[in-house]
Undergrad: 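I have a structure I would like to understand better, so I am pasting it below and will then ask my questions one at a time.
Note that this is a predicted model, so its numbers are computed, not measured. Order of appearance sets the numbers: ligands from 1, and atoms from 1 within every ligand. Each residue takes its place number in the sequence, starting with 1.
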Amino acid sequence: MSPGVWLLVLLALPPTLAVEPLSMGLAIAAASALTGLLSYPRFYCGSLVECCEDRVLNATALQVDLEQKLFGQHLAKEVILKALKSFMSNQDPKKALTLSLHGWTGTGKNFISKIIAEHVYKQGLNSKFVHLFVSAMHFPHDDQIPKYKDQLQAWIRGNVTACPRSVFIFDEMDKLHPGLIDAIKPFLDYYDEIDGVSYRKAIFVFLSNAGGDLITKVALDFWKNGKQREELQLKDVESILSVGVFNNKNSGLWHSSLIDKNLIDFFVPFLPLEYRHVKKCVTVELQSRGFEVDEDIITKVADEMTYFPKEEKIYSDKGCKTVTSKVDLVIDL
Ligand SMILES: *[C@@H]1O[C@H](CO)[C@@H](O)[C@H](O)[C@H]1NC(C)=O
Ligand SMILES: *[C@@H]1O[C@H](CO)[C@@H](O)[C@H](O)[C@H]1NC(C)=O
């Protein structure tokens, strides 16, 4: 309405009512400004306020990130890309996405979790919608399992209520008490909702060293047969993982209970890293510190690492984990 029309309305009304159209007009203006704002979430969802948005996954960017930052893990790259791509583009998933990452220390499990988090939320691990739990840190005392259990369930419920697309990462899953695994189980299952909350858009990532020895054995046998590591296929590792780890009572009870019910969507194997992969990690480390890429230094650092098995010495026993401190050591010389 133009000001002229408003004036006519005001004049036509008794004085007591005259206030009404004005305040109503203000209310309408305020409301339309607000809806305008709300229909452009990016306007206010940014560096100041982080919002629970269902971001469209940029699969190309994810692929590029995996290619450039993660070395020697062609199987993990393939599975993660496929899993996230289909899950994030499905508006009505039947259950939460559950990824179980297995492999030796330093092979990139934590690293890939970070990349996953960054592609679901810009702030990655710092996002308030991404939750990282480390068994030894968050749930250290066995006698407090009932308390942890209630707490963990309340956290998951609270966070998913606030944001359906929440990400939960559990590090050191093999050290997690079976009682706590039971606490998580209902959230991973095929329920439409539990007490009015749907968990089907959430993402659960489990990290574990369990199976690392078996994965290494498969890789080593492959190598001994003169085959290329990159020819290794998921099925070569998957069957051995499932038979070996999940039927082994010592590898953690949780496996059997989660596996029996098919609650894990993807098993992601991490292969032991070779000398050439370690060199790539060193290169990236040097670049990130702004140093020139010097082949001598790279070789020196890679030589500082220890390799196994005793005879063949082909796999780094700490993967790329201690590269940072070894670079310090070599640069100092
Ligand atoms: C997705 O990522 C690629 C590679 O980083 C980039 O070139 C492209 O612009 C991105 N697409 C969108 C829609 O953001
Ligand atoms: C969400 O999870 C965090 C732990 O990551 C917890 O501290 C917080 O209380 C939870 N929020 C709700 C609303 O439950």
Undergrad: To check your reading of the model: name the closest protein heavy atom to atom 12 (C) of ligand 1, its residue, and the distance in Å.
TA: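 Protein heavy atom at minimum distance: Asn58 ND2, 3.3 Å.
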
Undergrad: How far is atom 8 (C) of ligand 2 from its nearest protein heavy atom, and which residue and atom name does that atom have?
TA: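 Residue, atom and distance for the closest contact: Trp155 CD1, 3.8 Å.
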
Undergrad: Please determine if Lys217 and Asp213 form a salt bridge, counting it only when a charged side-chain N lies under 4.0 Å from a carboxylate O.
TA: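 Salt bridge flag = no for Asp213 with Lys217.
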
Undergrad: Starting from atom 14 (O) of ligand 2, what is the nearest protein heavy atom, named by residue and atom, and what distance separates them?
TA: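 Going atom by atom, the protein heavy atom closest to atom 14 (O) of ligand 2 ends up being Gly158 CA, 3.5 Å.
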
Undergrad: Taking 4.0 angstrom as the limit and counting only heavy atoms of Ala154, give me the atoms of ligand 2 inside it, by number and element.
TA: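 Listed by number with element, the hits are 14 (O).
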
Undergrad: Just need the protein heavy atom nearest to atom 1 (C) of ligand 2, so name the residue and atom and give the distance.
TA: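 Of the protein heavy atoms, Asn159 ND2, 1.6 Å lies nearest.
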
Undergrad: Establish, yes or no, whether the cationic atom of Lys94 lies under 6.0 Å from the six-membered ring centre of Tyr190 and within 45° of the ring axis.
TA: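 Cation-pi check for Lys94 and Tyr190: fails.
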
Undergrad: Below 3.5 angstrom, do we get any N/O pair linking Thr60 and ligand 1?
TA: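 Between Thr60 and ligand 1 (N or O atoms, distance only) the closest approach is not under 3.5 Å.
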
Undergrad: Looking at Phe267, Phe170, Phe168, which one forms a ring pair (Phe, Tyr, Trp, His ring centres under 6.0 Å) with Phe206?
TA: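 Among the candidates, only Phe170 passes.
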
Undergrad: Of all the non-hydrogen atoms in the protein, which one sits nearest to atom 5 (O) of ligand 2, and at what distance?
TA: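 Sorting protein heavy atoms by distance from atom 5 (O) of ligand 2 puts His131 ND1, 3.0 Å first.
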
Undergrad: Okay, side chain of Glu50, backbone of Gln123: is any donor-acceptor separation there less than 3.5 Å?
TA: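 Not at all, since once roles are kept as given, no pair shorter than 3.5 Å links the two residues.
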
Undergrad: For residues Tyr121 and Cys51, report the shortest heavy-atom separation together with the two atoms involved.
TA: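 Shortest heavy-atom separation between Tyr121 and Cys51 comes out as CE2-O, 4.1 Å.
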
Undergrad: Please indicate whether Asp195 has more than 12 foreign heavy atoms, meaning atoms of other residues, nucleotides or ligands, lying under 6.0 Å from its CG.
TA: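 Counting other residues, nucleotides and ligands, CG of Asp195 stays at 12 neighbours or fewer.
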
Undergrad: Please determine whether any non-hydrogen atom of Ala162 lies less than 4.0 Å from an atom of ligand 2.
TA: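 Judged by the 4.0 Å heavy-atom criterion, Ala162 does not count as contacting ligand 2.
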
